[in-house]
Enquirer: 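Provided herewith is a single structure, encoded as structure tokens, for subsequent inquiry.
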Amino acid sequence: MSYVTTINDTYIEEGETIINGIKLRKFQEELFDSLGKYDRILLRAPTGSGKTFTLILGAIKSYIEGTLYPVVGIYPSRALVYDQARSVNETLTRMGLNKEGEKFTGRLYINGEDKGDFSIKIHVLTSEVKEIPKEFQFPTSPSIVFTVPEYPYMFMTGMNKQNVASQVLEASMKYNFEEAIKSLSLRRGEVRELLNYFSVFFNGYWFIDEFHLYSGIARNSMLTLVEMYEKFNSVVKGNKTIVFSSATPVPININKVLDVKTSEKGSKVRKRTRVIFHLAKGNPQEELVIHISEKKNADTKTAVIIDRVYYVAELCKKVNDAAVVWGLDKSFGNCRKVNKGLEKENFIIGNQAMSFGIDLDLDEGFIHAHDAETLIQRLGRFGRHGEGEAEVLVFIDAKAKVVDELRKIDKELNYDDFLNLINKIYERRVDDKLDEIFFSKIRHDVLIRAFSLIYAISQGEQVYNLVKSWYPQNVDSLKIRPAYEDYFYVFAYRPGNLKGQWCDGGSDELFSMIRNFKYREDGCFTNETLKESPGIIPRKTDNVKCSFMTFEEFNTKLGPRLVLKKQGYSILMGGMKEFKDSYVVLLTKDCVNWNNFSEMAKLVSTYENAIPIYKDDEMKVVIGLALFI
């Protein structure tokens, strides 16, 4: 059974300003005027409306006012970082600027008025980059930086300054303010260098994209980063602004909201899009895979966006050739792993990494989503450019309320009416509240302490009284091995630290492997796909208590077995090399605010590096959740 509607061409209101041949939209004009006037701006705008162009506007504002502020765009994934950098590069070229290495130069014209020579430096900073370019540290022109959330933490702890940073973090975990200052017998110049790295990021305009997609510990990390930025800028005088791009309300205080509404004329942001709702009687992702045997239209750029790695892999077995965008580092079946150059591909299959705003000419799509926010995000990848019509097939559970609402839909809808429909037929995303657990709070406090110490030691005794007010008191200790790599993985909360081995060579992200591929008893993963829901059964259930510990301690206290039920066997975790260097955050219903602990623990274990802990071999009663770092 299916229902069909068409979203009409979508427009937003144009402004009056023209910059180097590009006419601004009204919200872009308002944002340009608001930068530096408000501390926090929330930008709510349809997909494809030109949010990325606001980074260029920030650089132009920096140039006109002579501040040379860096403009930092923070994105949820590396794939999106590269995509947005490509998009900005193309836009700057379209504006008539010439590219010389990482720098664009040319004349700047605003409403025909020549504003003189203008240049922008573009930098992509991910974990693949090992140092900040010198020209970025000593700017002579505005710069735009594209990065991911954890990367600024690397600068806070000092790139290539691991020894100094480790001592600061250790002092932050152990001592109050006075004791920490006293214990750090470091030369002020060494710590000041950390602050210099830090200030490269914190001394300008920030654009945080897709903020509504951050959840749990990742959201806690981002909000901690925002707090550091604002503490730094409360002392370093200047008019700085953070722009949060979000499709839904966010759990923070905002000074100004730019709510961009669609209109019947103006600047076109979406072409007509035919949406076919396919009502699945079984698993929607499974039906989607069955439905697609091959890319149908050779002349149309097509993409498939689903959730689970298992279904991506199953589809890759069926097609003749496609690019794949997923968390694994390998190609699979007839899919080629592609990180860059997606704009050259005609058929792309991916999961969540495809949802984050990647800007491609996609006119045919097959998508599944569990909630309204994700569906809107994924649908926004299609019909973004040009004339004609796009078509998207949406696979959805055939629930009674879905059928009731779809029976009433009109043949044609405007974009806002379509959003109302989606919010009626889909549930809201479940908040896992991991940003409220004891581990998140301790991480926040230690990171703020570390930042405070770096600032105080760099600036001297004249700021001690101020910084003491920043310094969180009575922080519970986290027992972390004194190694910079461990500090980074814990405090940047870097998922993907744990690796599994493929039987045919190479390694990959452990939890994607253990949930979706067969694990051989000799300790490697085969290419055989398998929908596994691993569980842990402890020998000592009395020791399942809220705590943070090394895996060695976890193994000693609980004596855990990992049960792979679909594969019909279990293994003592103490003998698994995959976990030996990890840490475990152990959660029970006593330390997390969940109404139904069992169901939430199982849900979180489908997307976090986490495994439910069961009371006994029947695996019916969940008594804990082990979150691995």
Enquirer: Return the minimal non-hydrogen interatomic distance between Ser452 and Tyr471, and the atom names on each side.
Expert: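 Scanning both residues, the minimum pair turns out to be CB-CD1, 3.9 Å.
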
Enquirer: Is it true that Phe579 and Phe628 have ring centroids separated by less than 6.0 Å?
Expert: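 Here the rings of Phe628 and Phe579 have centres that are less than 6.0 Å from each other.
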
Enquirer: Decide, yes or no, whether a salt bridge links Lys441 with Asp445 under the criterion of side-chain N to carboxylate O below 4.0 Å.
Expert: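 So Lys441 pairs with Asp445 through a salt bridge.
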
Enquirer: Does Arg40 use its side chain to pair, donor to acceptor, with the backbone of Lys256 at less than 3.5 Å?
Expert: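 Not confirmed, Arg40 side chain does not pair with Lys256 backbone.
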
Enquirer: Would you say Gln459's side chain and Ala456's backbone share a donor-acceptor pair under 3.5 angstrom?
Expert: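 Checking the backbone N and O of Ala456 against the side chain of Gln459, no donor-acceptor pair under 3.5 Å is found.
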
Enquirer: Any idea which heavy atoms bring Ser458 and Arg192 closest together, and the distance?
Expert: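 That closest heavy-atom pairing would be O-NH2, 3.0 Å.
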
Enquirer: Looking only at heavy atoms, which two atoms of Val584 and Ala626 are closest? And how far apart?
Expert: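 Val584 and Ala626 have their closest heavy atoms at CG1-CB, 3.9 Å.
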
Enquirer: Going by side-chain contact (heavy atoms from CB on, under 4.5 Å), Phe491 matches just one of Val446, Thr224, Ile629. Which one?
Expert: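 Passing option: Val446.
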
Enquirer: For Glu552, look at atom CD and say whether over 12 heavy atoms of other residues, nucleotides or ligands are found less than 6.0 Å away.
Expert: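 Atom CD in Glu552 is not packed in, count stays at 12 or less.
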
Enquirer: With a sphere of 6.0 Å drawn around CG of Asp259, does it hold more than 12 non-hydrogen atoms of other residues, nucleotides or ligands?
Expert: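 Yes, because the 6.0 Å sphere around CG of Asp259 holds more than 12 heavy atoms from other groups.
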
Enquirer: Could you walk me through whether His370 and Glu427 pass side-chain hydrogen bond (donor to acceptor under 3.5 Å, both in side chains), step by step?
Expert: CA-CA 8 Å; His370 288 288; Glu427 302 295 335; over 6 Å; no

Enquirer: Between Ser605 (side chain only) and Ile611 (backbone N and O only), is there a donor and an acceptor less than 3.5 Å apart?
Expert: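 Checked: no pair found.
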
Enquirer: Is the Lys NZ or Arg CZ of Lys61 less than 6.0 Å from the centre of Phe32's six-membered ring, within 45° of the axis?
Expert: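 Geometry flag: set, cation within 6.0 Å and 45°.
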
Enquirer: Using side chain to side chain donor-acceptor pair (under 3.5 Å) as the criterion, point out the one residue from Asp39, Thr67, Asn203 that pairs with Lys240.
Expert: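 Of all the options given, the one that passes is Asn203.
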
Enquirer: Return each pair, listed once, that meets salt bridge (Lys or Arg N to Asp or Glu O under 4.0 Å) where at least one residue sits in residues 455-479; pairs must be two or more places apart or across chains.
Expert: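 Checked against salt bridge (Lys or Arg N to Asp or Glu O under 4.0 Å) - neighbours excluded - the pairs reaching residues 455-479 are Glu178-Lys468.
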
Enquirer: Is it true that atom CD of Glu230 has more than 12 heavy atoms of other residues, nucleotides or ligands lying nearer than 6.0 Å?
Expert: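 Counting other residues, nucleotides and ligands, CD of Glu230 exceeds 12 neighbours.
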
Enquirer: Does atom NZ of Lys540 have more than 12 heavy-atom neighbours from other groups under 6.0 Å away?
Expert: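 Atom NZ in Lys540 is crowded, with more than 12 foreign heavy atoms closer than 6.0 Å.
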
Enquirer: Do you know the tightest heavy-atom contact between Pro534 and Ile514?
Expert: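 Shortest heavy-atom separation between Pro534 and Ile514 comes out as CG-CG2, 4.2 Å.
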
Enquirer: Which heavy atom in Gly204 sits nearest to a heavy atom in Tyr229, and how many Å separate them?
Expert: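 Taking every non-hydrogen atom into account, O-OH, 2.6 Å.
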
Enquirer: Does Ser245 form a side-chain hydrogen bond (donor to acceptor under 3.5 Å, both in side chains) with Asp209? I'd like the steps, not just the answer.
Expert: CA-CA 5 Å; Ser245 164; Asp209 197 33; 3.2 Å; yes

Enquirer: Can you confirm whether Lys577 is buried at NZ, in the sense that more than 12 heavy atoms of other residues, nucleotides or ligands lie under 6.0 Å from that atom?
Expert: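 For Lys577, atom NZ is crowded (more than 12 foreign heavy atoms under 6.0 Å).
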
Enquirer: Would the Phe548 and Phe438 ring centres measure less than 6.0 Å apart?
Expert: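 No; Phe438 has its ring centre 6.0 Å or more from that of Phe548.
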
Enquirer: I'd like to know whether OH of Tyr175 has more than 12 heavy-atom contacts from other residues, nucleotides or ligands below 6.0 angstrom.
Expert: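 Open: at most 12 neighbouring heavy atoms sit under 6.0 Å from OH of Tyr175.
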
Enquirer: Between Glu170 and Lys174, is there a side-chain N and carboxylate O pair less than 4.0 Å apart?
Expert: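 Yes, Glu170 and Lys174 are salt-bridged.
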
Enquirer: Lys602 and Tyr614: which non-hydrogen atoms are nearest, and at how many Å?
Expert: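 Result for this residue pair: CE-OH, 3.8 Å.
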
Enquirer: Taking only residues at least two apart or on different chains, which pairs with a member in residues 482-493 satisfy salt bridge (Lys or Arg N to Asp or Glu O under 4.0 Å)?
Expert: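 Salt bridge (Lys or Arg N to Asp or Glu O under 4.0 Å) check on residues 482-493 returns Arg481-Asp486.
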
Enquirer: Output yes when a side-chain donor or acceptor of Arg188 lies under 3.5 Å from a complementary backbone atom of Ile457, and no otherwise.
Expert: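 Looks like yes, one N/O pair under 3.5 Å.
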
Enquirer: Less than 4.0 Å between a side-chain N and a carboxylate O, is that true for Lys499 and Glu509?
Expert: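 Judged by the 4.0 Å cut-off on N to carboxylate O distance, Glu509 and Lys499 do not form a salt bridge.
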
Enquirer: Please check if the side chain of Asp33 supplies one atom and the backbone of Glu29 the other of a donor-acceptor pair under 3.5 Å.
Expert: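 Flag not set: sc Asp33 to bb Glu29 has no pair under 3.5 Å.
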
Enquirer: Under the 3.5 angstrom rule, does the side chain of Glu373 hit a backbone N or O of Arg429 as a donor-acceptor pair?
Expert: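 Yes, Glu373 side chain to Arg429 backbone: donor-acceptor pair under 3.5 Å.
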
Enquirer: Tell me whether the NZ or CZ atom of Lys231 lies within the 45° cone about the ring axis of Phe451 and under 6.0 Å from its centre.
Expert: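 That pair does not qualify as a cation-pi contact.
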
Enquirer: Taking the six-membered ring for Trp, are the ring centroids of Tyr455 and Trp470 within less than 6.0 Å of each other?
Expert: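 So the answer is yes for these two rings.
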
Enquirer: Look at Glu436 together with Arg219 and state whether they make a salt bridge at an N to O cut-off of under 4.0 Å.
Expert: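 Salt bridge: no.
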
Enquirer: Looking only at atom types and distance, does a side-chain atom of Ser49 sit under 3.5 Å from a main-chain N or O of Ala45, one as donor and one as acceptor?
Expert: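 Between the backbone of Ala45 and the side chain of Ser49 there is no qualifying donor-acceptor contact (under 3.5 Å).
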
